[in-house]
**Q** 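Below is one structure. I have some questions about it.
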Amino acid sequence: MSETKKNVYNPKEIEDSYYKLWEERNYFEIDGNKSIQKSNRYFTIMMPPPNVTGKLHIGHALTFTLQDIIVRYKRMDGYKTLWQPGVDHAGIATQNVVEKQLLAEGTTKEEIGREAFLERAWQQKENSQNAITSQLRKLGVSPAWSRERFTMDEGLGNAVKKSFKQMYDNGFIVRDNYMINWCTHDGALSDIEVEHEDHMGKMYHINYPLSDGSGNITVATTRPETYFGDTAVMVHPDDERHNHLIGKKVKLPLIEREVEIIADKHVDMEFGTGFVKVTPAHDTNDYEVGKRHDLEFITIFDEKGILNGYCGEFEGLERLEARDVIVKKLEDTGFMVKIEDHPHQVGHCYRCKNIVEPYISKQWFVKKEFAQKAIEKVNNGEAEFFPSHWINSYNAWMSELRDWCISRQLWWGHQIPVFYCNDCGHEWVEEGDAPTSCEKCNSENIYQDPDVLDTWFSSGLWPFSTLGWGNGEFGKGTLWSEDDMKNFYPNNLLITGFDILFFWVARMLMMGENITGELPFKDIYLHALVKDEHGEKMSKSKGNVIDPLETIDKYSTDALRFTLAVLAVQGRDIKLSEDKLEQSRNFTNKLFNATNFLQLNQEHFDDLDPTNIKTPLGRYMLARFNVAVKETREFMDVYRFNDGATVLYRFLWGEFCDWGIELSKASKESVAELGSIFKESMKLLHPFMPFITENLYMRLSEESLEEGESIMVKAYPTVSQVDDEVIKQFDLIMEAIVSVRRCKTLIDKGNQKIEKASIKLPSGSDVEMMRPFIQKLGKVEELSFVDEKIANCVTDVSDNLETFISTDDIDMSAIIAKLTKQKEKLEKEIAKLNGMLNNERFVANAPKQVIATNRKALEEASDKLAKVEEELKGFA
RNA sequence: GAUCGCGUAACUCAGUGGUAGAGUACUUCCUUGACAUGGAAGAAGUCGUUGGUUCAAGUCCAAUCGUGAUCACCA
């Protein structure tokens, strides 16, 4: 049995049940906030669809929390709000997960066949989607679940075919033989799917004999096994060591095939031996050289990496295993001159970590020209990055774009909607149902391209395909409606991690622009990665992974959400730590206990009506609340989640609890008003902490969610008149209280109750209004207000007032030390201000406002100094 | 090599040209009738370094050091 502590907030009791009710009542749907919707206010944000490969991690928790904060804010602020949920089929990643499952069962995808394999993949999709969506519910997020989509559902499949045809017809999609990145496990990859890693390899120096028998040349290579594909050796034309050999022939070791020595400026004379083997079919640079010199392209291994007949006796070996065997043979036969250590970078498949090969293959590509307009429009300000510096990365990447390889040799994905006729050779794109005969010659001897599309092709359409674009009749009226494109496109905002800027964001921008004529969203917020408390990337091997569900279990959903929000500073890594989570947890507890306090006095509190706030303290807290509302809204509007959260923390804890509640103990009649303000501030906080705010709002309204309407569909607070006068009055009250407390520490009374104190206030202060607050919080039985300094007492001098407490025998040295320090500080300040104000150029150039502020500060500091000096004189 | 961040109190970090801020930790005190997951008071910073612009620089500019990320090339 776990003990339940009194006065400790227990979130577990409410989180699941509230969520269930919210969802049942359709609050998350686009008309969930019907009663507060304002006309023509629409807000759309797409959920980046999680991969159906597993479960949520802390990065998901961050991204979805931030999205939910904005969505709840907009929904409460009267927008018709669409937060579009869904999941991504994640081609390679999911296929690999399923393959691993099969492997564990002792079988393979080839053994069970394409159909059975796809069945397994769909099963994986179901399992993962269920896990993910139930975890998302735990996070308290509020997407329009009724519209949940999957990138491979029929409607999105239709959109893929339609957009493919459009791009094909416009000449942006072509099929060609290119040198691409080839993974012998996963097939063709786009450039960004290859990760380059530092690796300590070897540099092999190999002798190639000259055909005329006049000697050898030595080439240097890191990949000796590729020499069977060499079709030339090149030297720099200006290389005086070697250029006399241009035009001569050499024989490749062992196989004795002859290749020519050619001249090409690509060679770096400083590097290696100056002789470079040219393997046009297996190296990106050599590919270009090969094209320049019209060389033969010899491919030496098949799609699985198995060496072919060009490799002589090594035929049948796997490319990686072959290296050592070949090297051994070259050593034995004397062709190997030397082997040195050589650090270099090796490309790996981003999904299976296999070493990627440059490989010539016939694939489908999206031409790089496709991106042109999206580059221009983003740079014209039609979309905006938060933080803004990301536009640099966007431009850098976009300007170096190469054609995007979109065909994948996988089974799991959108099959390419291109058909070929075996009889007449016709090739065409079919955007409708699969045809049974050739559209040109009517032959039934046709087949569909067996490859599937890069997973990012369909996710690139996500901002509009989910709104019904190209869906055909699928889902019409249930998953989407005909007004959706008009109302929700372009989307207002995208929130996602910077790590998929190129993979996804850039692709959405170019596809959206080309296919709909408009960029798909206006604002692009890119958040950082969640790191551990030391700033280390989380990884299973390091054992520093923070699991969102465990965290929720320990600290509550609200605490996790608030922590992530408070740490989400634009442009900085998020270092998540237990300390921060504890702090947020404590904050929820504080709010819970504030409610307990309010309800000691009365059970029910009305909703806030500013005109009904009459007591001075009520008016003061209302004024502070207004400041908080203004700041929170301003920060939300520019996606400064950390600042918004900090404002709320400061207001609710530092102002409402520490001062408002404490002061109300001297003003019982203000409690009813404070309760109303607190209820309203629960609305303000709701987007960050949806559960506790609902709970406390309901408690203070004496309602339950079962009977009442949720806080999540009530109007977000707006700013009413801020009463500056009452803020001034209470600033003075608080200054007096702090001064009394400080004075008491001088006589070692801590915060104990004392009998008498005197305060000298500025003239015109409303002393009778102030008295009860100062007496109560300063813990003074008898408080008197005086016009002159009192003899024989300790004194505290603050900006606007002085406090005196009579004393007989106490050690004065501490007091003198304190006053002396205060004096020095004031003198320094006065000197600084004087320096500025005596500077003619400052007075001539600075804004009047600044000069006035400084004059006033100087005056106040001088006054204060005079008082401090007078005190010191008394001790002399 | 190129580009982009970051460097502010012991720690984690805000800071939008106008007297340097928060939370945690620390020191001292308080179990006061919401909360010890709490309250009060306090101490703590040559804002990486050096120049420059400006009446005024943590903030803008340049250089430099440290640190991190991304992209690219190395046969």
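In what follows, chains are A, B, ... by sequence order, proteins preceding strands, each numbered from 1. For the numbers below, each heavy atom of this structure counts, side chains included, while hydrogens, waters and symmetry mates do not. Just so we're clear, the structure is a prediction, and the values are computed from it rather than from any experiment.
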**Q** Would you say a side-chain N or O of Lys832(A) is under 4.0 Å from OP1 or OP2 of G18(B)?
**A**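 Answer is no, no contact under 4.0 Å.
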**Q** When you measure from the side-chain N and O atoms of Arg572(A) to the phosphate of U12(B), is any distance below 4.0 Å, counting only OP1 and OP2?
**A**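 Result: no.
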**Q** Given the C1' atoms of C13(B) and G7(B), what is the spacing between them in whole Å?
**A**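 Going atom to atom, C1' in each nucleotide, I get 12 Å.
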**Q** Where the side chain of Cys657(A) is defined as all heavy atoms beyond and including C-beta, which of G18(B), A34(B), A43(B) is the nearest nucleotide?
**A**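 Nearest to the side chain of Cys657(A) among the choices is A34(B).
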**Q** Say we look at A20(B) and G45(B): how far apart would their C1' atoms be, to the nearest angstrom?
**A**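 Approximately 8 Å lies between the C1' atom of A20(B) and that of G45(B).
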**Q** Taking atom C1' in both G42(B) and A9(B), compute the distance separating them and give it to the nearest angstrom.
**A**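 Rounded to whole Å, the distance is 15 Å.
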**Q** Give me the atom names and distance for the closest heavy-atom approach of Arg241(A) to Met269(A).
**A**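 Result for this residue pair: NH2-O, 3.3 Å.
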**Q** Taking any strand in view, what nucleotide pairs with A69(B) in a Watson-Crick or G-U wobble way, both distances under 3.5 Å?
**A**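 WC or wobble partner is U3(B).
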**Q** Taking only the C1' atom of each, what is the distance from G66(B) to C30(B) in whole angstrom?
**A**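 Taking atom C1' in both G66(B) and C30(B), they lie 45 Å apart.
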**Q** Is Arg742(A) touching bases, backbone alone, or none of the nucleic acid, heavy atoms closer than 4.0 Å?
**A**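 The residue Arg742(A) makes sugar-phosphate contact but no base contact.
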**Q** Does Glu840(A) get its side chain close enough to the base of C55(B), under 3.5 Å, for a donor-acceptor pair?
**A**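 A donor-acceptor contact between them is absent.
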**Q** So, does the side chain of Glu400(A) form a donor-acceptor pair with the base of A2(B) at under 3.5 Å?
**A**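 No, the side chain and the base share no sub-3.5 Å donor-acceptor pair.
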**Q** I'd like to know if Glu829(A) reaches the base of U19(B) with its side chain such that a donor and an acceptor end up less than 3.5 angstrom apart.
**A**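 Present.
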**Q** Using the P atoms only, state how far C4(B) lies from C60(B), rounded to an integer number of Å.
**A**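 Per the computed distance, 15 Å lies between those P atoms.
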**Q** Should A14(B) form a Watson-Crick or G-U wobble pair with both distances under 3.5 Å, which nucleotide is its partner?
**A**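 Checking every strand shown, A14(B) finds no partner, since no pair has both distances under 3.5 Å.
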**Q** So what's C29(B) paired with, Watson-Crick or G-U wobble, going by both distances under 3.5 Å?
**A**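 Its partner is G39(B) (Watson-Crick or G-U wobble, both distances under 3.5 Å).
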**Q** OP1 or OP2 of G23(B) versus the side-chain N and O atoms of Arg650(A): is any pair under 4.0 Å?
**A**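 For G23(B), neither OP1 nor OP2 has a side-chain N or O of Arg650(A) closer than 4.0 Å.
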**Q** Thinking salt bridges, do Lys202(A) and Glu340(A) make one under a 4.0 Å N-O criterion?
**A**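 Looking at Glu340(A) together with Lys202(A), the answer is no, because their closest N to O distance does not fall below 4.0 Å.
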**Q** For G51(B), give the paired nucleotide (Watson-Crick: N1-N3 plus N6-O4 or O6-N4; G-U: N1-O2 and O6-N3; both under 3.5 Å), or none.
**A**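 Its partner is C61(B).
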**Q** Is the number of heavy atoms from other residues, nucleotides or ligands under 6.0 Å of Arg292(A) CZ greater than 12?
**A**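 Atom CZ in Arg292(A) is packed in, count exceeds 12.
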**Q** Can you identify which nucleotide, out of C73(B), G39(B), U19(B), has its nearest atom closest to the Gln345(A) side chain?
**A**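 Comparing C73(B), G39(B), U19(B) against the side chain of Gln345(A), the answer is C73(B).
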**Q** Would you say G39(B) has OP1 or OP2 under 4.0 Å from some side-chain N or O of Lys590(A)?
**A**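 Yes, within the criterion.
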**Q** Taking the same atom, C1', in U3(B) and in A44(B), what whole-Å distance lies between them?
**A**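 That atom pair is separated by 39 Å.
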**Q** Which is true for Lys744(A) with a 4.0 Å heavy-atom rule: it touches a base, it touches only sugar-phosphate, or it touches nothing?
**A**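 Answer is nothing: Lys744(A) stays at 4.0 Å or more from every strand.
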**Q** Check whether any side-chain N or O of Lys665(A) sits under 4.0 Å from OP1 or OP2 of A34(B), and answer yes or no.
**A**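 Answer is yes, contact under 4.0 Å.
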**Q** Check this one for me: any side-chain N or O of Asn7(A) less than 4.0 Å away from OP1 or OP2 of C35(B)?
**A**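 Affirmative; the distance criterion is met.
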**Q** Nearest-Å distance, CD (Glu195(A)) to P (C73(B))?
**A**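 Distance check: Glu195(A) CD to C73(B) P gives 15 Å.
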**Q** Distance check: side-chain N/O of Asn586(A) vs OP1/OP2 of G38(B), anything under 4.0 Å?
**A**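 Yes, such a contact exists.
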**Q** Tell me which nucleotide among C4(B), A34(B), C55(B) gets nearest to the side chain of Glu662(A).
**A**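 Between C4(B), A34(B), C55(B), the one nearest the side chain of Glu662(A) would be A34(B).
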**Q** Identify which nucleotide among G18(B), U37(B), U19(B) has an atom closest to any side-chain atom of Leu833(A), counting heavy atoms from C-beta outward.
**A**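 Out of G18(B), U37(B), U19(B), the nucleotide with an atom closest to Leu833(A)'s side chain is U19(B).
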**Q** What's the shortest heavy-atom distance between Val843(A) and Leu837(A), and which atoms?
**A**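 Val843(A) and Leu837(A) have their closest heavy atoms at CG2-O, 3.3 Å.
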**Q** In this structure, how many angstroms lie between the C1' atom of C13(B) and the OH atom of Tyr649(A), rounded?
**A**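 Going from OH in Tyr649(A) over to C1' in C13(B) covers 14 Å.
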**Q** Is the phosphate of U37(B), meaning OP1 or OP2, less than 4.0 Å from a side-chain N or O of Asn589(A)?
**A**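 The answer is no; no side-chain N or O of Asn589(A) sits under 4.0 Å from OP1 or OP2.
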**Q** Side-chain N or O of Trp653(A) versus OP1/OP2 of A34(B): is the shortest distance under 4.0 Å?
**A**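 For Trp653(A), the contact criterion (side-chain N or O under 4.0 Å from OP1 or OP2 of A34(B)) is not met.
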**Q** For atom CD of Glu197(A), is the number of surrounding heavy atoms from other residues, nucleotides or ligands below 6.0 Å larger than 12?
**A**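 Buried by this count: over 12 neighbours within 6.0 Å.
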**Q** Please name the nucleotide paired to A34(B) by Watson-Crick or G-U wobble geometry with both distances under 3.5 Å, or report none.
**A**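 A34(B) is unpaired by these criteria.
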**Q** At less than 4.0 Å, is any side-chain N or O atom of His196(A) found next to OP1 or OP2 of U70(B)? Yes or no.
**A**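 So the side-chain polar atoms of His196(A) never come under 4.0 Å of the phosphate oxygens OP1 or OP2 of U70(B).
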**Q** Is atom CD of Glu195(A) surrounded by more than 12 heavy atoms (other residues, nucleotides or ligands) closer than 6.0 Å?
**A**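 Atom CD in Glu195(A) is crowded, with more than 12 foreign heavy atoms closer than 6.0 Å.
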**Q** After noting the C-alpha distance and the side-chain angles of Tyr208(A) and Phe275(A), does the key distance pass the ring pair (Phe, Tyr, Trp, His ring centres under 6.0 Å) rule?
**A** CA-CA 10 Å; Tyr208(A) 287 6; Phe275(A) 290 108; 9.3 Å; no
